[in-house]
Amino acid sequence: TTPNANYRNIGWFNLLEYDARRWLRLTGSVRVDNWATSAVPTNGFPLGSEAAILNASLSALKANPGALNVNGIDGAFALVSGTGKLTTNNTIVTGHAGAVVRLPGGVNPYLRWGNSYREPEITTRYIVRDFGSPAFSVLLVSNTGLRPERGRTLEAGVKVQRRAWQSSVAWFRNDL
């Protein structure tokens, strides 16, 4: 179960391709996004049995969290108890830059760099769920403190184009 929640994204994207020379194409992009989320106390969230298990286990979990980061549970508890809502508002800029060299014979080496952004989805950020039977239960508690995922990508390769066939080889590295 999840509370009543909204995700909104307003974005702008611009792509530029420029042939600097007959043999050189440059590309670049800029994207600006505003991600806004909100979750409010909701009747029926979580289900009665899930709320009972959460209330019974939350203090013990906070007292002895082990390797778990329990900071995000406080926001979920405010939703469960009906005492607060959660909101996020992130404005982010991403983009890419690249170059393609057009050599004689249809050989085209290229290089691209870019970055990325991913907002945590509703179920990861806000779910409270009891997976199991009355005899054995696994309680999944959300992490309202999750931060967005950021990434960087570097890609290089060569494309070869002939009249009867095409081929390419590429290398890339993604850091998330």
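All heavy atoms count here, side chains included; hydrogens, waters and symmetry mates do not.
Taking the side-chain contact (heavy atoms from CB on, under 4.5 Å) definition, one finds that Thr153 meets it with Asn174, sequence neighbours left out. With sequence neighbours excluded, no residue forms a side-chain contact (heavy atoms from CB on, under 4.5 Å) with Arg163. Every residue two or more places apart in sequence or in another chain that forms a salt bridge (charged side-chain N to carboxylate O under 4.0 Å, His left out) with Arg25 is listed here: Glu17, Asp19.
In the hydrophobic clustering of this structure, Val101 groups with Val169; members are Ile, Leu, Val, Met, Phe, Trp, Tyr whose side-chain heavy atoms approach within less than 4.5 Å, directly or through other members. By the rule that hydrophobic residues join a cluster once side-chain heavy atoms approach within less than 4.5 Å of another member, Leu103 and Leu24 end up as members of one cluster.
Between Asn90 and Pro148, some side-chain heavy-atom pair lies under the 4.5 Å cut-off. Side-chain contact check for Pro41 versus Lys85: some heavy-atom pair is nearer than 4.5 Å. No side-chain heavy atom of Arg150 sits under 4.5 Å from any side-chain heavy atom of Leu176. A heavy-atom distance below 4.5 Å is not found between the side chains of Arg31 and Asn14. Taking the side chain as every heavy atom from C-beta outward, Asp33 and Phe13 never approach each other to under 4.5 Å.
Closest of all the heavy-atom pairs between Leu15 and Gly28 is CD1-O, 3.4 Å. Across Gly95 and Asn115, no two heavy atoms sit closer than the pair N-OD1, 2.7 Å.
In this structure, CZ in Arg152 is found 9.5 Å from OG in Ser116, a value given to the nearest 0.5 Å. In this structure, CG on Leu154 lies 12.5 Å from NE2 on His96, to the nearest 0.5 angstrom.
Heavy atoms from other residues, nucleotides or ligands lying under 6.0 Å from CZ of Arg162 number more than 12.
Aromatic ring pairs are classed by plane angle as parallel below 30°, tilted from 30° to 60° and perpendicular above 60°; the pair Trp35 and Tyr117 is tilted.
Evaluation of the salt bridge (charged side-chain N to carboxylate O under 4.0 Å, His left out) test over residues 2-16, restricted to residues two or more places apart or in two chains, returns none.
Cluster partners of Val30, by chain and number: Trp12, Val32, Val93. The rule joins Ile, Leu, Val, Met, Phe, Trp and Tyr whenever side-chain heavy atoms lie under 4.5 Å apart.
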Pair Leu86, Thr88 - check side-chain contact (heavy atoms from CB on, under 4.5 Å), show working. CA-CA 7 Å; Leu86 296 171; Thr88 64; over 6 Å; no
Return all side-chain donor-acceptor pairs below 3.5 angstrom for residues 104-114, not counting sequence neighbours, or 'none' if the list is empty.
residue: Tyr110; atom: OH; partner: Glu155; partner atom: OE2; Å: 3.2

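Side chains of Thr87 and Ser38: no donor on one and acceptor on the other come within 3.5 Å. Judged by distance alone, the side chains of Asn89 and Asn34 do bring a donor and an acceptor atom under 3.5 Å apart.
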